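Accompanying notes for the structure given below.
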Amino acid sequence: MLKKYFTLLTVVLISSTVFCGTSPKPKNIILLIGDGMGLSQVTASVLSLNNDQFKKFPTVGLINTCSADKLITDSAAGATAYSTGYKTGNGKIGVDVNNKTLTNIFEIAKKKKKSTGIVVTCSVTNATPAAFLAHVESRKSEFDIAAQILNSNVDFLAGAGTDFFLPKELGGKREDKKNYVDSMKAKGYEYSDDSSKVFSLSLHKKFFGLYGGYALPHGNQRSYTLGQLTKSAIQSLSKNQKGFFLMVEGSQIDWAADKNDKEYLFAEQKDFNSAIEEALKFAEKDKNTLVIVLSDHDTSSLGVSGLNKETGVLDVVWATRYHTANFVGMFSYGPSSSLFGGIQENDEVGKKLISLAQSR
Ligand SMILES: [Zn+2]
């Protein structure tokens with residue numbers, strides 16, 4: 001009997017430590033996704049932008065980003081692995097390979113009475129944010145994703161997306177005449193399409209900000225940074241004593257790499273770095289926040305090939321114009337950060353995040 005008891009205890013202890021370990025659990029989690037940010041993008045960022053943010057993370061790991069059906073993932077399957085803990089087919093959002101709904105980490109955080117937030121530089125209906133807010137068979141269903149966001153109960157949502165929330169008559173692209181901005185307001189959200197307002201929010205209400213039809217202007221063509229949006233989100237979400245889960249995406253790093261556009265890439269990377277800086281600033285003070293920076297996949301396999309001594313700008317070469325299967329980096333800081341070292345599958349990372357979101 002005693003032997004049986006100890007065997008059972010061992011099984012329980014092993015299974016409870018597999019994902020969560022014995023280290024302190026974070027109250028808050030900030031997940032920063034540099035879309036398409038391969039290791040070489042990180043290298044270029046550190047070398048060219050004098051960016052020391054990445055050096056502040058005590059744990060560094062690598063992620064195999066392949067999806068359930070392809071060696072090379074797209075952003076939908078990539079983000080779904082992180083938001084649900086399951087690999088799925090390319091193009092799918094929050095559903096498995098058979099289109100069965102998967103519970104996502106926002107839904108789990110809500111059950112624990114935590115607040116949730118999203119800050120992105122693309123439309124909030126785009127693949128990466130959608131994986132945390134919706135469940136659809138195809139990432140192309142952005143009008144449906146907007147409808148699902150109405151019922152997501154997210155607390156802070158900032159990015160672009162008027163195309164999908166407003167009818168044609170009001171400057172959007174909806175043909176069903178529905179005005180989902182009004183619907184969000186009716187649900188109690190404070191809405192703004194003026195980016196300057198997000199920095200002077202009363203922050204007592206849920207917030208919904210859309211600053212463009214399909215995307216925010218490039219990082220070097222707007223008066224505010226992703227870091228400023230992230231700071232506002234953290235100020236708002238951290239009012240919840242139970243904690244929060246915030247996902248921030250540098251969405252256009254991928255688009256710049258797709259275009260093999262170095263200048264655009266560096267502007268987006270610099271903008272994303274400003275978000276990392278704000279997340280770390282909060283976590284260093286709070287001491288109860290896990291910060292993880294990772295990517296859904298590498299894009300275009302950038303190579304740092306030299307340095308122009310006159311301009312101080314890096315020379316780069318590109319291997320392709322789409323995603324690759326190159327492993328991406330994972331940088332972790334804060335309670336339980338040690339769980340995120342070594343080489344891991346993307347769904348394994350998602351399962352650990354969910355386990356931590358449930359742990360307190
Ligand atoms: Zn992507």
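Treat the numbers as computed from the prediction; the structure is a model and nothing was measured. We count ligands from 1, going down the list as the structure has it; atoms in each ligand are counted the same way.
Looking at D286 and K27, no side-chain N of the basic residue comes within less than 4.0 Å of a carboxylate O on the acidic one, giving no salt bridge.
In summary, the side chains of D194 and S192 do not present any donor paired with an acceptor at a separation below 3.5 Å, with no hydrogens or angles considered.
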Enumerate donor-acceptor pairs with a distance under 3.5 Å from any side-chain N or O in residues 208-217 to protein atoms, sequence neighbours excluded.
| unit_1 | atom_1 | unit_2 | atom_2 | d |
| --- | --- | --- | --- | --- |
| Y214 | OH | N126 | ND2 | 3.4 |

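Look at H323 and the Zn ion (ligand 1): no N/O/S atom of the residue is under 2.8 Å from the metal. Between the Zn ion (ligand 1) and T299 there is no N/O/S contact shorter than 2.8 Å. Checking D74 against the Zn ion (ligand 1), every N/O/S atom stays at or beyond the 2.8 Å cut-off. Residue contact annotation: D296 places an N/O/S atom under 2.8 Å from the Zn ion (ligand 1).
Rounding to 10°, one obtains 90° for the angle at the Zn ion (ligand 1) between OD2 (D35) and OG (S75).
In the hydrophobic clustering of ILVMFWY residues, with side-chain heavy atoms under 4.5 Å counting as a link, I145 and V95 come out apart.
Looking at residues two or more places apart in sequence or on another chain, you find a salt bridge (Lys or Arg N to Asp or Glu O under 4.0 Å) between K281 and E278.
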